[in-house]
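Atoms within a ligand are numbered from 1 in the order they appear, just like the ligands themselves. Position 1 is the first residue of the sequence; numbering continues from there.
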Amino acid sequence: MRDADEALIVIDVQNDFCPGGRLAVTGGDEIVGGINAFMDEFGVVVLTQDWHPAGHSSFASSHRAEPFSVTQMQYGPQVLWPDHCVQGSEGSAFHPSLRVDRAQMIVRKGFRAEVDSYSAFFENDHVTPTGLGGYLSERGVKRLTMVGLATDYCVNFSAVDAAKLGFDVVVKTALCRAIADDSLAEAMNGMAAAGVSVNG
Ligand code: VGL
Ligand code: ZN
């Protein structure tokens, strides 16, 4: 068992990010068993859930654009995704094997139509908080281990923001999967520069 000031943050282990989903990450389902077992090491377990309204501004279909193209939002560049994790849909549900019962807190993000939120801590405008930082601080948590989907987007942005907030952050890559190789390489550099420990 880890110390009481350590938390496991499980990012977006949802049907749409697993094979068969709308924004499937290769091997996304392979990590579920390992995450379930890993939960037993932590006294604090948090899950995040990507949770978009229909017609969300991060969806290519909302811009009549091609999925995976990039557009300019008021807050900066934004990748346009296939419709995914629409609130209440089967795709937005957690993977059926994930031990959701072990979660003490579930943070939903990306619920505002005009702003995406990769990070579990701040929306993509980089200033609107989700509340997770305050929740963890109030519980006395100082160290975070992050796992889940996808390494190059939501895990990456969450890890970098957490490090900026002053948490000690480890990303356990064996229990993460990425969307694409080029964004993964960039994410690895960004996480290292932010002081995140990236290990297997
Ligand atoms: C994610 C793209 C869009 C993620 C969420 O969980 O990494 N990626 N929404
Ligand atoms: Zn999303």
Side-chain angles (χ1 to χ4, degrees), residues 8-32 35 46-63 65-71 73 75-95 98 100 103 106-126 128 130 132 144 146-162 169 171-173 175-188 190-191 196 198:
L8 179 65
I9 313 292
V10 181
I11 307 283
D12 297 0
V13 179
Q14 293 166 258
N15 290 327
D16 269 343
F17 298 123
C18 291
R22 308 286 291 276
L23 179 41
V25 180
T26 306
D29 55 341
E30 295 168 2
I31 61 177
V32 179
I35 291 172
V46 173
L47 307 183
T48 72
Q49 191 169 24
D50 211 38
W51 193 250
H52 301 308
H56 190 255
S57 57
S58 75
F59 296 169
S61 61
S62 304
H63 303 260
E66 286 300 313
F68 306 102
S69 62
V70 178
T71 192
M73 300 287 210
Y75 53 79
Q78 168 74 47
V79 179
L80 295 175
W81 304 105
D83 290 21
H84 66 279
C85 297
V86 173
Q87 297 171 359
S89 65
E90 191 51 36
S92 73
F94 291 110
H95 185 285
L98 187 70
V100 178
I106 298 175
V107 183
R108 287 175 169 167
K109 60 185 182 60
F111 50 74
R112 224 182 295 279
E114 67 284 2
V115 191
D116 203 3
S117 187
Y118 294 149
S119 165
F121 294 90
F122 294 97
E123 299 189 4
N124 282 11
D125 62 6
H126 300 294
T128 307
T130 63
L132 179 59
L144 308 179
M146 295 195 182
V147 298
L149 305 170
T151 327
D152 36 353
Y153 287 94
C154 291
V155 175
N156 168 33
F157 278 71
S158 298
V160 169
D161 277 352
V169 188
V171 170
K172 190 172 172 61
T173 54
L175 296 178
C176 297
R177 291 292 183 273
I179 292 176
D181 289 343
D182 51 349
S183 44
L184 177 60
E186 204 179 309
M188 289 295 194
M191 289 192 285
V196 173
V198 182

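- Any N or O atom pair closer than 3.5 Å counts here, and H84 shares at least one such pair with ligand 1.
- Atom OD2 is the N/O/S atom of D50 found closest to the Zn ion (ligand 2).
- Summarising the geometry, atom CD belonging to Q49 is positioned 12.5 Å from atom SG belonging to C154; distances are rounded to the nearest 0.5 Å.
- Between H52 and ligand 1, no N or O atom pair is found at a separation short of 3.5 Å.
- Within ligand 1, the atoms closer than 4.0 Å to a non-hydrogen atom of D12 are 4 (C), 6 (O), numbered from 1 in the order shown.
- Within the 2.8 Å limit, H52 places at least one N, O or S atom next to the Zn ion (ligand 2).
- None of the N, O or S atoms belonging to C85 lies under 2.8 Å away from the Zn ion (ligand 2).
- Of the protein's non-hydrogen atoms, D50 OD2, 3.2 Å is the one closest to atom 5 (C) of ligand 1.
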Step by step, work out the side-chain contact (heavy atoms from CB on, under 4.5 Å) result for H56 and W51. CA-CA 10 Å; H56 190 255; W51 193 250; over 6 Å; no
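- Here the NE2 atom belonging to H52 is positioned 9.0 Å from the CD atom belonging to Q87, to the nearest 0.5 angstrom.
- Looking at ligand 1, you won't find any N or O of I11 less than 3.5 Å from one of its N or O atoms.
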Do D116 and Y153 pass the side-chain contact (heavy atoms from CB on, under 4.5 Å) test, and can you show the C-alpha distance, the side-chain angles, and the key distance before you say yes or no? CA-CA 12 Å; D116 203 3; Y153 287 94; over 6 Å; no
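- For an aromatic pair to be called close, the ring centres must be under 6.0 Å apart, and H84 with F17 satisfies this.
- Atom OG1 of residue T130 and atom NZ of residue K109 lie 9.5 Å apart, to the nearest 0.5 angstrom.
- Below 3.5 Å of separation, one finds an N or O of A150 facing an N or O of ligand 1.
- The local environment of CD in E186 is sparse, with at most 12 non-hydrogen atoms from other residues, nucleotides or ligands closer than 6.0 Å.
- The residue D116 has no part lying near ligand 1, judged by heavy-atom distances below 4.0 Å.
- Not a single N, O or S atom of D116, from either the backbone or the side chain, sits less than 2.8 Å from the Zn ion (ligand 2).
- In terms of protein heavy-atom proximity, atom 1 (C) of ligand 1 is closest to C154 SG, 3.2 Å.
- Ranking protein heavy atoms by distance to atom 2 (C) of ligand 1, first place goes to W81 CE2, 3.4 Å.
- Taking CG from N15 and CG from L23, the interatomic distance works out to 12.5 Å, rounded to the nearest 0.5 Å.
- Taking the six-membered ring where the residue is Trp, F157 and H126 present parallel rings, their angle staying beneath 30° rather than reaching 60°.
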